[in-house]
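One structure is given below, encoded as structure tokens.
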Amino acid sequence: QVRLVQSGGGLVQAGGSLRLSCAASGRTFNSVAMAWFRQAPGKAREAVAAISRSGTDIYYSDSVKGRFTISGVNAKNTVYLQMNSLKPEDTGVYYCVAPKSDFVSSWSAASEYDYWGQGTQVTVSS
């Protein structure tokens, strides 16, 4: 059974930084990619960033490009999200996700991902 366990997050002032981590466990875990989604109160779930297992393919949403950095995966099965220059609109619950399939056709589609972490609250105060 695959599990994604998240850590990090919390409360920070605007302009500050936070780092999220997500460790995948399970004998069969060999996902081709991992990603981060977030959901703010009253808003739709939003894809934030994704990275291929090799690290050669990386994607960011326009809203976080230049401020967030996704890294990790490879043999450690751990993905990180470094969040800098945080804004109040970055507030939400962040989820680490991974697909079961060997192919992801759309990195930003939640339906592509079968495994979800427990969620981590990120709150950015103004």
Side-chain angles (χ1 to χ4, degrees):
Q1 182 177 353
V2 173
R3 287 188 64 203
L4 301 181
V5 179
Q6 301 176 218
S7 59
L11 172 64
V12 67
Q13 287 189 330
S17 298
L18 286 173
R19 189 193 198 207
L20 304 182
S21 300
C22 173
S25 63
R27 283 193 310 165
T28 59
F29 186 79
N30 193 30
S31 283
V32 295
M34 295 183 77
W36 291 94
F37 278 69
R38 69 184 179 187
Q39 187 161 23
K43 294 189 177 181
R45 192 164 39 191
E46 174 190 19
V48 175
I51 184 170
S52 61
R53 170 167 288 277
S54 64
T56 55
D57 298 308
I58 293 177
Y59 304 94
Y60 295 102
S61 68
D62 289 342
S63 61
V64 307
K65 200 172 295 182
R67 300 186 297 120
F68 290 13
T69 302
I70 189 171
S71 63
V73 196
N74 287 328
K76 293 186 177 180
N77 287 334
T78 300
V79 65
Y80 306 96
L81 186 68
Q82 178 66 42
M83 306 182 291
N84 298 329
S85 302
L86 283 160
K87 303 175 181 180
E89 50 263 44
D90 294 318
T91 294
V93 178
Y94 284 67
Y95 296 91
C96 169
V97 300
K100 189 183 298 185
S101 169
D102 290 336
F103 177 74
V104 176
S105 60
S106 172
W107 79 269
S108 60
S111 59
E112 295 280 352
Y113 302 97
D114 304 279
Y115 306 117
W116 289 70
Q118 80 275 21
T120 300
Q121 178 68 44
V122 171
T123 303
V124 184
S125 64
S126 58

Tyr115 vs Met34 side-chain heavy atoms within contact, under 4.5 Å: no

Steps toward side chain to side chain contact (heavy atoms under 4.5 Å, CB included) verdict (Gln121, Leu11): CA-CA 8 Å; Gln121 178 68 44; Leu11 172 64; over 6 Å; no

Cluster overlap Ile58 with Val79, hydrophobic side-chain contacts below 4.5 Å: yes

Non-hydrogen atoms of Asp102 and Val32 that approach each other most closely: O-CG1, 3.4 Å

Residues which pass side-chain contact (heavy atoms from CB on, under 4.5 Å) with Arg45, listed by chain and number, not counting sequence neighbours: Phe37, Gln39, Ala110, Trp116

Sidechain-backbone polar pair: Tyr113 side chain, Val104 backbone, donor-acceptor under 3.5 Å: no

Separation between SG of Cys22 and CD of Gln118, rounded to the nearest 0.5 Å: 8.0 Å

For the student: nearest non-hydrogen atoms of Ala24 and Leu4, plus distance: CB-CD2, 3.4 Å

Leu81 side, atom CG; Thr69 side, atom OG1 - distance, nearest 0.5 Å: 8.0 Å

Closest approach of Tyr59 to Trp107 (non-hydrogen atoms, all atoms of both residues): CB-CE2, 3.3 Å

Non-hydrogen atoms of Phe68 and Arg38 that approach each other most closely: CE2-NH1, 4.0 Å

Within-4.5 Å side-chain heavy-atom neighbours: Glu89 and Val124: no

Residues Glu112 and Ser101: side-chain donor-acceptor under 3.5 angstrom: no

Sidechain N-carboxylate O distance under 4.0 Å for Lys87, Asp90: no

Leu20 side chain reached by Val122 side chain, heavy atoms, under 4.5 Å: yes

Donor on one side chain, acceptor on other, Glu46 and Ser63, under 3.5 Å: yes

Gln6 side chain to Gly119 backbone, donor-acceptor under 3.5 Å: yes

Side-chain (Thr123) to main-chain (Thr91) donor-acceptor, under 3.5 angstrom: no

Which atom of Ala47 lies closest to which atom of Ser61, heavy atoms considered: O-CB, 3.4 Å

Closest non-hydrogen atom pair between Ser17 and Asn84, with its separation: OG-OD1, 2.9 Å

